[in-house]
Each structure stands twice: as C-alpha cells, then as structure tokens.
Protein chains: 2
Amino acid sequence: MKTLKISEAVVRRLPVYLRHLKELKQSEVLTISSQDLGQKLDLNPAQIRKDLAYFGDFGRKGIGYDVSYLIEQIRHILKLDQQINVALVGAGKLGQALCNYSGFLNDNMKIVAVFDAFPAKIETAIRDLQVQPMEDLKESVEANNIRIGIITVPALEAQQVADRFVEAGVEAILNFAPVILKVPAHVRVHTADFSTDLFSLAYYLPNEGKDVVTNDTTIDHT
Amino acid sequence: MKTLKISEAVVRRLPVYLRHLKELKQSEVLTISSQDLGQKLDLNPAQIRKDLAYFGDFGRKGIGYDVSYLIEQIRHILKLDQQINVALVGAGKLGQALCNYSGFLNDNMKIVAVFDAFPAKIETAIRDLQVQPMEDLKESVEANNIRIGIITVPALEAQQVADRFVEAGVEAILNFAPVILKVPAHVRVHTADFSTDLFSLAYYLPNEGKDVVTNDTTIDHT
DNA sequence: TAGATTGTTAATCGATTAACAATC
DNA sequence: TAGATTGTTAATCGATTAACAATC
C-alpha cells in the first residue's frame, strides 16, 4: 500500500472497474487479467494495474485478479461497504429518472428522500418516496444521516439548493444543473452536465465536405 | 491561429465558457477578462487564455474579451452556427427530461426525433415529438440529416441501439447507459454516466471519525 | 502616460504508457 | 519448467500554471 496522492482520474475509473467486474461475476468469471479488462474497457492494462496498486496488492502474478475479491476491495475503497444515504432536490423528469435508477441496488447507495419547491409536486410520490417540501430538508438530512445531495432543479435555483444542502450538513453534492456551484471547501461537488457532453460532441463532428478542407484540428479520439 | 492538437480537456471547457458568456450577455456585460471569467468558473485565467488562443486571437490586450464576439466565435468552433439535428432512443423518464431540456434553444442543437423499442411508448408524444418505432430509425436519420444520437435505454440494450445508430449513419453518440460501447473509429462516443459521478463522490466522503484516522489519500479538490 | 490584460513561452506538474524483474 | 501476469520503475507524453513582453 502506497501513501500517495490519488488523482481524480484514478478515482473516476474505479466505478467503471467495479461495474464491469460485477458483470463478470454474473457471468461466473472467477479471474480476470488487466489485459482482458483493458480490452473490455478501452483502457491500457498498465494503467489498470497502476490504479489498483495505489490501494493494495489485489492481484496474483501469473494469474490476474480474483473477481469477487476485487469487487469487495473496490467497494470498500469507494466506501460502498457502508450504506450511504442520498437526498434529491427537484422532482422533475430527471429527478424521477434518477430515483428509479436501479444501478445502485447492490451498492448501499440509496436515495432516501426527495424534495421539491413546487407545492404541486408535494402531493406526488416517486418510487416509494413522498415528495417533501424544502422546509423539511434540514431535518430530514439530520434524521436520516444523509451525506450526499443531488440537485436536479433548473439552473437558476441550483445555487440556492446547494446552499440549503450545505447548511443541512451534506458532505458532497452531485449537481445536474448547468452552473458552477460555490460551496465551502469541505463539501465536494461533482457536476454532471450533459449539455457540456453534447456540445463538445458537436466539435468532433466531421466537417461537411462542401467548403474548404480545414486541418487546424487533430481529432483526439478517446 | 495555431495548427496544433486540441485536447479533449480544452474542447470540454468551451461549452462552459459559452454558457457563462451567454449569462454575461444577458446581464449586458460587454467585456470580460480571463481573470474575471476564471473567478466565476473556478479556472486558472492563463488556462482560459490559452484555450481560446488555440482557436484565434479573440481578446484585446488591456481590455479583455468582447462578450458577444467571443460567443459567436465559440459557437462557430463548436459548430453550433449550423443546425445540428439529434435523435434520441429511449423514451423513459431520462429521455423525456432531455427532450424537454431548454438549454439548447439558442444553439441550433435540436432533438428532432425520438424512438423506443417498447410498443406502448409509440402511442405517446414528448414535447411536439411522436415517439417512433425503432424500424423507422434509419429512414428518419437519413431524411432529417440527423448527425448525433442519444442513447437513454437500459444498459443491456445500449449496444444494440448504438449499432443501429451507426448503421443509420450517425456521426456521434451521447450514451447515458452504463456500458462501454464498441463503435467504429469514425463515430465518436461520449459517455455521460452519472453513477460514475456518484460513486466517485462517495470516495471523497470524509471518513466517519469512529475508527483510525487514515491518511492514505490526499483529497484533490477540483 | 500608467494600468490592465492579452498571447505565448518556459517551467512545472501530473498522468499515461512501456518495460521488466519478480513470481505464481 | 514454461507461460502468464502482476507491481513498479523509468520514460514519455500531455496539461496546467507562472511569468512577461507586447500592446490596448
């Protein structure tokens, strides 16, 4: 085990490893090499070995990695071996989609409360969750040991909601609104902004052949 | 203007610049410095200047960047000065959320067709769009000059849908399903996988004080 | 002119990849 | 033993940041 800075790039690959390992387990694959894993995930095998080696010696020379064992280890690294409660604010379509997402099911990550500022939403339920008014946020966060907040409200309201989350004592925020949130340093924010993904995709569209051929860009295919 | 490789990191910041510049324009700000922009976006001013300088000399020494002009330029770089038609497969909650997203409105990026494999969905409409059966995909892509495909179906179906998109002649794919898609090199894929965002967020949660203090990680706050 | 700010070079920092001894 | 594959070091590659001359 090394005592080193772990870069965000490394951490963001761990869930990808985990997901694929779970698929392998389902297929009753017992062991996997960095070679094969790299192939499946379009990653360099050396990178995979290095990523994992930051956290421990999980593999066996000549053999590879034991699938079940590695799953356990990664879940531990990601803190998914304890239940992590999540609250979501914004009961629109996106919020509903996230609440119904089943990918967390075996991972102790659970959306346990949903809030909305719009009174008409309060009547409704998503999954098994009654939508609650914003006034209940702080109390609920405290009562239910909620550590992560998800924001799925329009851009203009996102900062306010973030402030409420911070005040309620949430430790991390996943923000789907297209704004840069300002929060204290002890609260970590990840922004999942699909319009960034989509717009940057447009950049890579081949130029339509009509005009001059431009070559001021090298497409970096990743 | 330089003839250089433009990294993906640079390209992914352009939409962020664009978005904020549009807000500035709305507030009738005429000019902005890399300094101020960096402050708002949590980015290093030198990085912003360098990013923009890849594409042209957009600023004025001593003054900064003309907001309207820079908006125009970035929209051009991202190819958003031409209409880009998009198709979406998967008319679930997430698909509906994306279709109703209004952030594209001034950007010529438009979802013009929605498909679903599930017959019951075909009856329904999202926004002004009748959901169509998968059989119509290829014809519609060709007829409507659709260049980008969005995938919002469950993981197990995503690769199939990607294959259909590729076959239909789509040039780029935005994939929301938690799988690594295999597509030919000429088709660019961006994956927007929020469970990766969420799981990696868990990693950064402070350890609850109960046990030993661990220091095998330096939190890289970004 | 003095102050501000760009575009760009050079320095730094960090991440990826190749290579290989260790070893199952 | 021979073949496979790890963990790790060294080499490479790339991205960020600092610094500053040019100039508005």
Just to confirm, is there a sub-4.0 Å distance from OP1 or OP2 of [N] to any side-chain nitrogen or oxygen of [X]?
X: Tyr65(B); N: dC24(D); value: no
X: Tyr54(B); N: dA15(D); value: no
X: Ser7(A); N: dG14(C); value: no

How long is the line joining [atom1] of [X] and [atom2] of [N], in whole Å?
X: Asn44(B); N: dT6(C); atom1: CG; atom2: P; value: 12 Å
X: Asp42(B); N: dT17(D); atom1: CG; atom2: C1'; value: 16 Å
X: Phe58(A); N: dT5(D); atom1: CZ; atom2: C1'; value: 17 Å
X: Ile6(A); N: dA15(C); atom1: CD1; atom2: C1'; value: 13 Å
X: Lys5(B); N: dA15(D); atom1: NZ; atom2: P; value: 9 Å
X: Ile63(B); N: dA2(C); atom1: CD1; atom2: C1'; value: 14 Å
X: Asp51(A); N: dG14(C); atom1: CG; atom2: P; value: 17 Å
X: Leu70(B); N: dT5(C); atom1: CG; atom2: P; value: 15 Å

| Taking the nucleotide of DNA chain C with the closest heavy atom to each, which residue, Ala9(A) or Gly62(A), is nearer the 5' end? |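 Result of the comparison: Ala9(A).
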| query | More 5' along DNA chain C: Arg13(A) or Ser33(B), using each one's nearest nucleotide? | reply |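 Between the two, 5'-proximity favours Ser33(B).
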| Salt bridge between Asp197(B) and Arg12(A), side-chain N to carboxylate O under 4.0 Å? |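 Yes, Asp197(B) and Arg12(A) are salt-bridged.
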| task | May I ask which nucleotide in the shown strands pairs with dT12(D), Watson-Crick or G-U wobble, both distances under 3.5 Å? | result |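 Pair assignment: dT12(D) / dA15(C).
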| message | Please name the nucleotide paired to dC24(D) by Watson-Crick or G-U wobble geometry with both distances under 3.5 Å, or report none. | response |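 dG3(C) is the nucleotide pairing with dC24(D).
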| task | Tell me yes or no: between the side chains of Asp163(A) and Gln159(A), is some donor less than 3.5 Å from an acceptor? | result |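 Per modelled atom types, Asp163(A) and Gln159(A) side chains form a pair under 3.5 Å.
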| query | Counting side-chain heavy atoms from CB outward, which of dC24(D), dT8(C), dT16(C) is closest to Asp57(B)? | reply |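 For Asp57(B), the side-chain atoms sit closest to dT8(C).
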| task | Among the candidates dT9(D), dT17(D), dT5(C), find the nucleotide nearest to the side-chain atoms of Lys50(B). | result | dT17(D)
| request: Please work out if Arg49(B) contacts a base, only the sugar-phosphate, or nothing of the nucleic acid, heavy-atom cut-off 4.0 Å. | output: base
| Looking at Leu21(B) and Ile32(B), what are the two nearest heavy atoms and their distance? |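 That closest heavy-atom pairing would be CD2-CG2, 3.9 Å.
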| So how far is it from Leu24(A) CG to Leu30(A) CG, rounded to the nearest 0.5 Å? | 10.5 Å
| said: So that I know where these two stand, are Phe104(B) and Tyr101(B) an aromatic pair - ring centroids less than 6.0 Å apart? | reply: yes
| remark: Note: for Ala46(B) and Ser34(A) on DNA chain D, the residue whose nearest nucleotide lies more 5' is Ser34(A)
